[in-house]
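Here's the structure we're looking at; comments come further down.
Values reported hereafter were calculated over all heavy atoms of this structure, with side chains retained and with hydrogens, waters and symmetry mates removed. Residue numbers begin at 1 in each chain, while the letters A, B, ... track the order of the sequences.
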Protein chains: 2
Amino acid sequence: MLSEFSLIDRYFARRAREHTQRATLGIGDDCALIAPAPGEMLAVSTDMLVEGRHFFPDIDPHALGHKALAVNLSDLAAMGAQPLGFTLAFALPKPGEDWLAAFSAGLFELADRFDCELIGGDTTAGPLNLCLTVFGSVRQDAALRRDAAQAGDDIWVSGTPGDARAGLGMMRGEWQMNALVDEKDAAHFRRALEYPEPRVALGLALRGVARAALDVSDGLAGDLRHILERSNLAATVDVDALPLSPALARLPRDVQLQCALAGGDDYELCFTAAPAQREAVAAAAQQAGVRVTRIGTMSSPASTHDAPEIRWRDAAGAPLNLTLQGFDHFHAD
Amino acid sequence: MLSEFSLIDRYFARRAREHTQRATLGIGDDCALIAPAPGEMLAVSTDMLVEGRHFFPDIDPHALGHKALAVNLSDLAAMGAQPLGFTLAFALPKPGEDWLAAFSAGLFELADRFDCELIGGDTTAGPLNLCLTVFGSVRQDAALRRDAAQAGDDIWVSGTPGDARAGLGMMRGEWQMNALVDEKDAAHFRRALEYPEPRVALGLALRGVARAALDVSDGLAGDLRHILERSNLAATVDVDALPLSPALARLPRDVQLQCALAGGDDYELCFTAAPAQREAVAAAAQQAGVRVTRIGTMSSPASTHDAPEIRWRDAAGAPLNLTLQGFDHFHAD
């Protein structure tokens with residue numbers, strides 16, 4: 001361990017030692033020891049965040065701490081898993097005390113809210129890079145898998161997708177947004193981008209109710225295609241049913257659709273459920289305190305050889321031809 | 001997923017789908033699902049490797065693939081855990097097919113030898129950075145913890161520590177090594193640096209035999225201090241008993257000691273066991289096909305307020321004053 005990194009130990013190792021419920025050994029030994037409850041599987045997800053790609057170099061470190069964990073918790077949410085703990089490996093060019101204090105505060109505020117314990121880590125000098133691996137607990141037969149959708153299922157989405165993408169557009173100066181957006185909407189978009197809320201409670205409430213689920217990290221259209229591919233289905237989406245925030249609804253229609261359908265970084269859940277489960281879905285959403293909206297239907301593919309197809313419709317059922325521009329990870333191919 | 005990274009998927013995702021024993025879901029869903037055997041804990045360790053710090057920019061990618069997993073498997077070995085699987089997150093400036101083919105070959109050759117399955121991952125563009133998290137299975141009461149050493153325990157080390165540090169010295173042009181070392185010894189040192197062997201079989205064989213253990217990643221002196229700190233003990237080490245490779249034994253004595261005691265990257269196991277277990281330790285080493293050497297004794301600290309102390313002795317028991325220069329992660333303070 002570098003002596004300069006004793007600073008890092010101070011901000012992170014102490015936190016890990018305070019908790020001893022689930023991890024028998026945390027930071028300070030070769031491995032952490034962790035076990036899911038009897039009969040449960042451990043759900044594991046890993047994400048790497050790189051400066052300039054996943055966040056701006058001048059990002060508020062508190063927001064970075066939040067987001068680094070939020071995007072990982074979101075993967076647990078999309079599986080219907082209960083968060084247990086996480087490991088944090090990171091490279092830092094030159095750790096400053098203010099930066100580490102803010103980063104660790106953002107990280108642990110979210111971790112404490114979801115009772116998710118830091119169980120291990122690694123720190124090194126290098127270009128800023130964060131790698132988190134999260135662990136959750138889920139019964140194998142209750143996991144919300146991507147390959148479990150069925151023809152006839154409703155397609156649902158939580159929250160108001162697109163706001164994070166509008167926030168990015170604002171910061172990039174796209175679509176002349178800075179002329180279009182007032183201060184209040186700007187703050188809304190920026191918060192959506194910097195402080196995404198992992199839908200953990202919703203994922204848990206949807207166990208046994210939803211069939212397939214994932215979190216929208218690369219844009220609703222692209223991510224929905226992952227469910228189609230894995231479940232071998234097609235989909236029809238009612239574009240007019242898309243839930244838009246009041247702030248996004250004030251932007252031009254083409255920007256709305258670009259953001260809501262091809263925008264990344266929302267971390268809302270997109271899931272499918274049988275029509276017989278509509279009341280149960282509504283109850284799950286109410287229990288989790290999250291809005292959910294039915295936006296379409298799964299169907300059998302026209303041909304098993306075709307690429308998974310999404311048919312876009314308006315409220316009257318008329319077909320729409322949408323051209324969605326790619327966004328970072330997203331390719332509308 | 002970036003289209004340029006479909007190349008990466010080709011080298012890694014396919015491998016993950018071939019295996020389905022332990023991970024119910026691998027790459028392709030939000031999370032992997034994994035469970036230790038009933039009654040076992042999951043041992044988890046994460047390591048980040050950064051170009052220029054943990055490896056040279058021109059490293060053979062096959063060696064890098066090997067080493068990235070080896071250093072993580074070594075953490076499982078030091079816990080006495082059976083490898084189960086790993087996640088791989090990495091940032092790459094520009095993935096080339098030759099590079100990925102060689103890297104993945106080095107990685108999977110080692111993974112297959114230890115039946116350790118790739119269960120998930122993340123790839124992104126950015127300065128070269130590898131983050132692996134490994135999972136193993138161990139009974140909680142059989143884990144080889146750092147805090148379990150007792151006064152009177154023998155101190156043991158596997159293999160011949162110092163060879164990796166000599167390899168680094170050679171590549172850095174330190175100690176006029178290039179004038180001292182013949183081609184055969186040079187190849188030996190280089191292999192020790194680039195292809196460290198995780199002592200998984202030894203770690204497993206030492207369960208119930210050894211008390212405390214860790215892997216020597218930052219140098220024997222510094223790492224042994226971690227056991228002293230966690231177990232609140234002091235140690236006496238017989239410097240003349242240090243097992244040196246024939247190649248290292250041909251170097252000047254000060255270089256030998258510098259490499260063997262303060263050199264990193266060996267990934268040998270340092271462990272303690274009661275004197276009554278000497279035959280059992282020998283049997284475990286023979287079963288694992290690894291040389292082990294008794295190099296000292298644990299004792300009660302002179303004062304509980306003192307920093308953990310290592311007393312260096314020669315074969316006749318006379319005290320030695322060693323000044324060890326720090327190496328990268330290592331500070332002999």
**Request:** Taking the side chain as every heavy atom from C-beta outward, state whether A:Leu42 and B:Cys31 have any pair of such atoms under 4.5 Å apart.
**Result:** no

**Asked** Would a 4.5 Å heavy-atom cut-off, applied to side chains only, mark B:Cys131 and A:Leu130 as touching?
**Response** no

Could you grab the distance from atom [atom1] of [X] to atom [atom2] of [Y], nearest 0.5 Å is fine?
X        : Y        : atom1 : atom2 : value
A:Leu33  : B:Arg139 : CG    : CZ    : 12.5 Å
A:Asp122 : B:Thr46  : CG    : OG1   : 6.5 Å
B:Thr87  : A:Met48  : OG1   : CE    : 10.0 Å

[X] versus chain B, the contacting section by heavy-atom distance below 4.5 Å:
X        : answer
A:Val44  : both
A:Ala213 : backbone
A:Thr133 : side chain
A:Val134 : neither
A:Ile227 : neither

**Request:** Identify which part of B:Leu49 has an atom lying under 4.5 Å from any heavy atom of chain A, answering side chain, backbone, both or neither.
**Result:** neither

**Asked** Hey, which of B:Val138, B:Asn129, B:Leu214, B:Val50 has the most heavy atom pairs under 4.5 Å with chain A?
**Response** B:Asn129

**Complete:** Looking only at A:Ala78, A:Gly136, A:Ala77, most heavy-atom pairs under 4.5 Å shared with chain B are made by A:Ala78

